[in-house]
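The structure displayed is predicted, hence computed values, not measured ones.
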Amino acid sequence: MLTLNAIKSDPEKIIQLLSVKNFDAKNIINQILETDRLRRETQQELDKTLAEFNEISRQIGKYIKEGNKELADNIKEKADFLKTKSKEISKQLSDIEHQLDELLLKLPNTPHFSVHKGNSSEDNEIVCSYGDIVQFTNRLLPHWELASKFKIIDFELGSKITGTGFPVYKGKGAKLQRALISFFLDKAINAGYTEIQPPLMVNEASAYGTGQLPDKDEQMYFVPLDNFYLVPTAEVPVTNIYRNVILKYNELPIKNVAYSACFRREAGSYGKDVRGLNRLHQFDKVEIVQIQHPDNSYNALNEMVEYVASLLKDLQLPYRIVRLCGADLSFTSALTYDFEVYSAAQQKWLEVSSVSNFETFQANRMKLKFKDVDGTTKLAHTLNGSALALPRIMSALLENNQKNNSIEIPEAIVPYTGFNAID
RNA sequence: GGAGGAAUGGCAGAGCGGUCGAAUGCGGCGGUCUCGAAAACCGUUGUUCGCAUAUUUGUGAACCGGGGGUUCGAAUCCCCCUUCCUCCGCCA
């Protein structure tokens, strides 16, 4: 969430910035300012009462020590009164603080100053494209047909066992999947990331920390018996490692990478967008996460974009980088670059990665701070990106590399698969 | 799952009803000494929220795993929860 300080020091600027996300913050911000004023007022009253109360307690202690029991008893009444009073005010204060928190949680992150407003994903800016979109003369099979032709992914079987959106990978399909995961992890480790194997279920506090709660709870699978959420992305557990942590400046940056299965309910999705591997309830993803010094977070974002680009080059997939406009930016993000690969048979661009800087938005929620060189404690910046999400990569690889009776495996992956074609 | 034990500042570790935000040691920071460094010695050392202050800083409140309770007063006593350790059982 946004910091109260940022809102207080320049409310108009926040309102203006949030309008870039098509979010009208005026009302909420006014409520926040008013609630904060009330909060400070109440706190002063409480502090005053407690100070007086502490003083009387000390007096009583002194009198008792001196053996002056009568004097002590005399002022006990006053102490009782102050105690009752402080309890009342303290209750008021915590109510007000909750209200304030709820208001603050409603505000999305402010976009980076360079972000254009736009109205929808139509207005995203294509930063660059790489690779040629080959014009095939013969009819190409979409990946779901290839999947059954080569018996590498079985969608119906997944439906039988669980439901739609839970495919079963078999034989060389399973091996290819595993090869890609290993390849992505090894690349990240070479790029300086530390591998993490996180829990696949998280508690409520963690889901709040990265911003999945309170508003996106219908997108997560929930285990009511234990109050756990299945992770929608490794970002959640991996970033929450640092919840309620104060790092030393020389511990920054922290660069972690994690492979995890990701679980998403995808409520409201339907139609041809969900065909085949395009949108699943369970899928695999390798995620990179950085905790950065605020001065360096945008350099880090660029570095992460470069890194993801290098993966796609290794896979020899045509891709483009898209810079999201305000309207398309997520609730928590300040700046996001999406990566899309071209899937030849479907003849469309598929999002395979989303690389974002959250600045202090997540850090403020989860109290992730660091002690700077000058000794002051500040909120850190968090960033993350997919590197990469498997299903659509798989989809593009299958469709783009299909031959008459086989599918070629990109050279970079062959050492991991142990075969150079699916046939 | 059953039986015990523990949780204190960056770390180690005292405190078991008032003067405790908390001894002591280590570490960190600043200084003295030195050509410089080490050693030694001296000083300093957390987080959050208010208020005052241009900065520095001063001052009030809260924080000893988390939440309740007893008491004028709780790190210290009681209850609940969480986590960790030891033993037993079960188990990939």
Could you list all N or O pairs between the protein and nucleotides 59-61 of chain B that sit under 3.5 Å apart?
from	atom 1	to	atom 2	distance (Å)
G60(B)	N2	D47(A)	OD2	2.7
A61(B)	OP1	N54(A)	ND2	3.2
A61(B)	O2'	D47(A)	OD1	3.3

Between the protein and nucleotides 51-55 of chain B, which nitrogen or oxygen pairs come in under 3.5 angstrom?
from	atom 1	to	atom 2	distance (Å)
C51(B)	OP1	R40(A)	NE	2.9

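- Counting heavy atoms from C-beta outward, L277(A) and H143(A) have side chains that approach closer than 4.5 Å.
- One interatomic measurement links the two molecules: CG of L247(A) to P of U47(B), which rounds to 14 Å at whole-angstrom precision.
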Short heteroatom pairs, N/O only, protein and nucleotides 63-67 of chain B, under 3.5 Å:
none

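- C81(B) and G2(B): their P atoms are spaced 12 Å apart (whole Å).
- One atom, CG of N250(A), and another, C1' of C29(B), lie 14 Å apart when rounded to the nearest Å.
- Heavy-atom contacts from other residues, nucleotides or ligands closer than 6.0 Å to CZ of F419(A) number more than 12.
- Screening residues 14-68 of chain A for ring pair (Phe, Tyr, Trp, His ring centres under 6.0 Å), with sequence neighbours left out, gives no hits.
- Using atom P as the reference point in both A75(B) and A7(B), the two lie 15 Å apart (nearest Å).
- One atom, OH of Y249(A), and another, P of G28(B), lie 12 Å apart when rounded to the nearest Å.
- Along RNA chain B, the nucleotide nearest T377(A) and the nucleotide nearest F53(A) are compared for position; the residue whose nucleotide lies closer to the 5' end is T377(A).
- Remark: S353(A) pairs with no residue by the side chain to side chain donor-acceptor pair (under 3.5 Å) rule, at least two apart or across chains.
- Between K76(A) and D80(A) there is no salt bridge, since no side-chain nitrogen of the basic residue lies less than 4.0 Å from a carboxylate oxygen of the acidic one.
- Comparing the same atom, C1', in A37(B) and in U53(B) gives a spacing of 42 Å after rounding to whole Å.
- Within 6.0 Å of the NZ atom in K149(A), the count of heavy atoms belonging to other residues, nucleotides or ligands exceeds 12.
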Worked verdict on E145(A) versus Q402(A) for side chain to side chain donor-acceptor pair (under 3.5 Å): CA-CA 11 Å; E145(A) 287 182 30; Q402(A) 61 183 292; over 6 Å; no
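- Look at the P atom in both G10(B) and G69(B): the space between them is 28 Å, to the nearest Å.
- Listed by chain and residue number, nothing satisfies the side chain to side chain donor-acceptor pair (under 3.5 Å) test with N27(A) (two or more places apart in sequence, or in another chain).
- Applying the 4.0 Å criterion to OP1 and OP2 of G18(B), one finds that S57(A) has every side-chain N and O outside that range.
- The side chain of D36(A) has G50(B) as its nearest neighbour among C72(B), U47(B), G50(B).
- C77(B) and G25(B): their C1' atoms are spaced 30 Å apart (whole Å).
- Distance E251(A) CD to G10(B) P: 12 Å, rounded to the nearest Å.
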Chi angles and distances behind the side chain to side chain contact (heavy atoms under 4.5 Å, CB included) call for Q177(A), M394(A): CA-CA 8 Å; Q177(A) 182 99 299; M394(A) 185 74 109; 3.6 Å; yes
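- Scanning RNA chain B for stems, defined as runs of 3 or more consecutive Watson-Crick or G-U wobble pairs whose donor-acceptor distances all fall under 3.5 Å, gives the following ranges: B:1-7 with B:82-88, B:10-12 with B:24-26, B:27-32 with B:40-45, B:46-52 with B:57-63, B:65-69 with B:77-81.
- In this view, K78(A) and E52(A) satisfy the side chain to side chain donor-acceptor pair (under 3.5 Å) rule, not counting sequence neighbours.
- Within a 6.0 Å radius of CD in E125(A), more than 12 heavy atoms belonging to other residues, nucleotides or ligands are found.
- Using a 4.0 Å cut-off, some side-chain N or O of K371(A) falls inside it from OP1 or OP2 of U47(B).
- Going from the C1' atom of G27(B) to that of U19(B) covers 30 Å, rounded to whole Å.
- Ionic pairing of D423(A) and K172(A) is present here: one or more N-O contacts between side-chain nitrogen and carboxylate oxygen are shorter than 4.0 angstrom.
- Shown here are the side-chain contact (heavy atoms from CB on, under 4.5 Å) partners of E55(A), two or more places apart in sequence or in another chain: R58(A), Q59(A).
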Scan the side chains in residues 98-109 of chain A for donor-acceptor partners under 3.5 Å anywhere in the protein, sequence neighbours excluded, and list what turns up.
from	atom 1	to	atom 2	distance (Å)
H98(A)	ND1	S94(A)	O	3.1
N109(A)	ND2	T332(A)	O	2.9
N109(A)	ND2	F358(A)	O	3.1

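- The residue among K62(A) and I56(A) whose nearest nucleotide of RNA chain B is located toward the 5' end is K62(A).
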Determine all donor-acceptor pairs shorter than 3.5 Å in which one atom belongs to a side chain in residues 180-187 of chain A; sequence neighbours excluded.
from	atom 1	to	atom 2	distance (Å)
S182(A)	OG	R178(A)	O	3.3
D186(A)	OD2	Y416(A)	OH	2.8
K187(A)	NZ	D314(A)	OD2	2.5

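- Here the separation of A12(B) from G17(B), taken at their C1' atoms, is 27 Å to the nearest Å.
- Ion pairing of K160(A) with E156(A) is absent here, as no side-chain N (NZ or NE/NH1/NH2) approaches a carboxylate O to less than 4.0 Å.
- Across the protein-nucleic acid pair, R243(A) atom CZ and U83(B) atom P stand 14 Å apart, rounded to whole Å.
- Contacts with RNA chain B (heavy atom under 4.0 Å) in residues 82-100 of chain A: K83(A), listed by number.
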Worked verdict on Y242(A) versus N256(A) for side chain to side chain donor-acceptor pair (under 3.5 Å): CA-CA 12 Å; Y242(A) 307 96; N256(A) 286 332; 2.8 Å; yes
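- Taking atom CE on M366(A) and atom P on U47(B), their separation rounds to 21 Å, with Å as the unit.
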